[in-house]
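First comes the structure, then the notes that go with it.
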Amino acid sequence: MKKSVFFGTLAVAGLAAGIASAQTTLEQVQARGSLLCGSNEGLAGFAAPDANGVWSGFDVSLCRAIATAVLGDPQAVEFVPLTSQTRFTALAAGEVDVLVRNSTWTFSRDTDLGLDFMGVNYYDGQGFMVNTDLGVSSATELDGATVCIQTGTTTELNLADFFRVNNISYEPVPVATNAEGQQQYLAGACDVYTTDVSGLAATRATFENASAHVILPEIVSKEPLGPVVRHGDNAWGDIVRWTLNALVAAEEYGVTSANVRELAAAPTDNPEINRLLGTEGELGAMIGLSNDWAVNVIAAVGNYGEVFEQNIGENTPVGLARGLNAQWTDGGLLYAPPFR
């Protein structure tokens, strides 16, 4: 009799677990009332808390855009700082709903890890930063250099490839985080710091004497950075993907945080804008959101160009030019699929 009760209890527990696991990510986020966004531990311009613990940055804005899309509130986000070693396991384990942490889209990450990249929000490439006192102007002159390198990143492999191809040697100085890499580099523990160029620019922006450090001209890899979700929850992936696309499309069509409410008040002469803003068609319902979800997103965080310029653009301490991250109409790679 006890045995049957025991197995009956297990069956009930298993059923409850099955019901919980069957809940979609969107349902979990809505039930919780907040989005759990996996973030960098602190990278100037991209994701960092201020003295009051308020997060801001380029990647942070995408997290807030997703929260606005599904909860109607850009502040309904809990930021979970993750290292390069823990970011993917945390996402796979359900500790966060989405990972927006300057992570490179690669074949193995997209397939072997059971994760899905939902597009590219920053096209980047790996570079090298050195003190001007080192007296080098090219990465090919770094033979025998000590190089600070974050473990658990594509940067490690790219570094080895570059030095092997150029038949030069280096001594790696492993670091766990960008903060540690910055500390070691400034302390002289390594001659070179290497990571994505955007990361180098963000790191240099925090230096007391930024002009004493130069980012060398070589870009040695392709680093398409973008938001990541767990494989299998396609409906949630659609929301993340099309939230990013909405920011990109809004910039292309001149929809900004300042004019979006006015444009959404009545259909415009541009059917693509109308569909984006929900004044024509029923696109919102197709992803389980209200028809004005994109209006709320753009009003809350701005379009892609606004987000870029406010956080990492040329007039910020990070000082990045649009480059590959310009709209396709301006010679860049940004291109949102049609909203139709």
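The shown structure was predicted, so the numbers you read here are calculated from the model rather than taken from an experiment.
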Query raised in the report: Is it the case that more than 12 heavy atoms not belonging to Y335 sit under 6.0 Å from its OH atom?
Result: no

Answer yes or no: is there a side-chain heavy-atom contact under 4.5 Å between [X] and [Y]?
X    : Y    : result
D233 : L26  : no
D124 : P224 : no
N325 : L333 : no
S198 : L320 : yes
N274 : L263 : no
V60  : F79  : yes
E218 : V197 : no
V295 : R261 : yes

Requested in this report: Quickly, which of V77, L35, I239, L91 forms a side chain to side chain contact (heavy atoms under 4.5 Å, CB included) with V98? Name it, please.
Outcome: L35

All ring-ring contact (aromatic ring centres under 6.0 Å, His included) counterparts of [X], not counting sequence neighbours:
X    : result
W242 : F339
Y193 : none
Y253 : none
F117 : W105

Report summary line: Correct closest heavy-atom pair for S84 and A176 would be OG-O, 3.8 Å

For the [atom1] atom of [X] and the [atom2] atom of [Y], what is their distance to the nearest 0.5 Å?
X    : Y    : atom1 : atom2 : answer
L247 : S61  : CG    : OG    : 8.5 Å
E280 : N270 : CD    : CG    : 9.5 Å
Q183 : N178 : CD    : CG    : 11.5 Å
L244 : M118 : CG    : CE    : 10.5 Å

Any disulfide (SG to SG under 2.5 Å) involving [range]? Give me the pairs, sequence neighbours left out, ordered by first then second residue.
range            : value
residues 26-111  : C37-C63
residues 219-325 : none
residues 144-240 : C148-C190

Any donor-acceptor N/O pair, [X] side chain to [Y] backbone, under 3.5 Å:
X    : Y    : value
D330 : G332 : no
N259 : G254 : yes
Q30  : T25  : no
T155 : T195 : no
S103 : R101 : yes
D196 : Q126 : no
T111 : F107 : yes
R204 : H213 : yes
S221 : E223 : no
N291 : G281 : yes

Could you work out the complete set of other residues in the hydrophobic cluster of [X], with links drawn between I, L, V, M, F, W and Y side chains under 4.5 Å apart?
X    : result
V54  : none
V175 : none
L134 : F128, V130, V136, L142, V147, I149, L159, F162, F163, I168, Y170, V192, V214, L216, V220

Query raised in the report: Listed by chain and number, what are the side-chain hydrogen bond (donor to acceptor under 3.5 Å, both in side chains) partners of T243, not counting sequence neighbours?
Result: none

Query raised in the report: Do NZ/NE/NH1/NH2 and the carboxylate oxygens of R241 and D116 come within less than 4.0 Å?
Result: no

Query - SB check R230 E95 (cutoff 4.0 Å) - result: no

Query - side-chain contact (heavy atoms from CB on, under 4.5 Å) partners of N167, counting only residues at least two apart - result: none

Report task. Flag the pair Y304 / F58 as yes when their ring centroid distance falls below 6.0 Å, and as no otherwise. Result -> yes

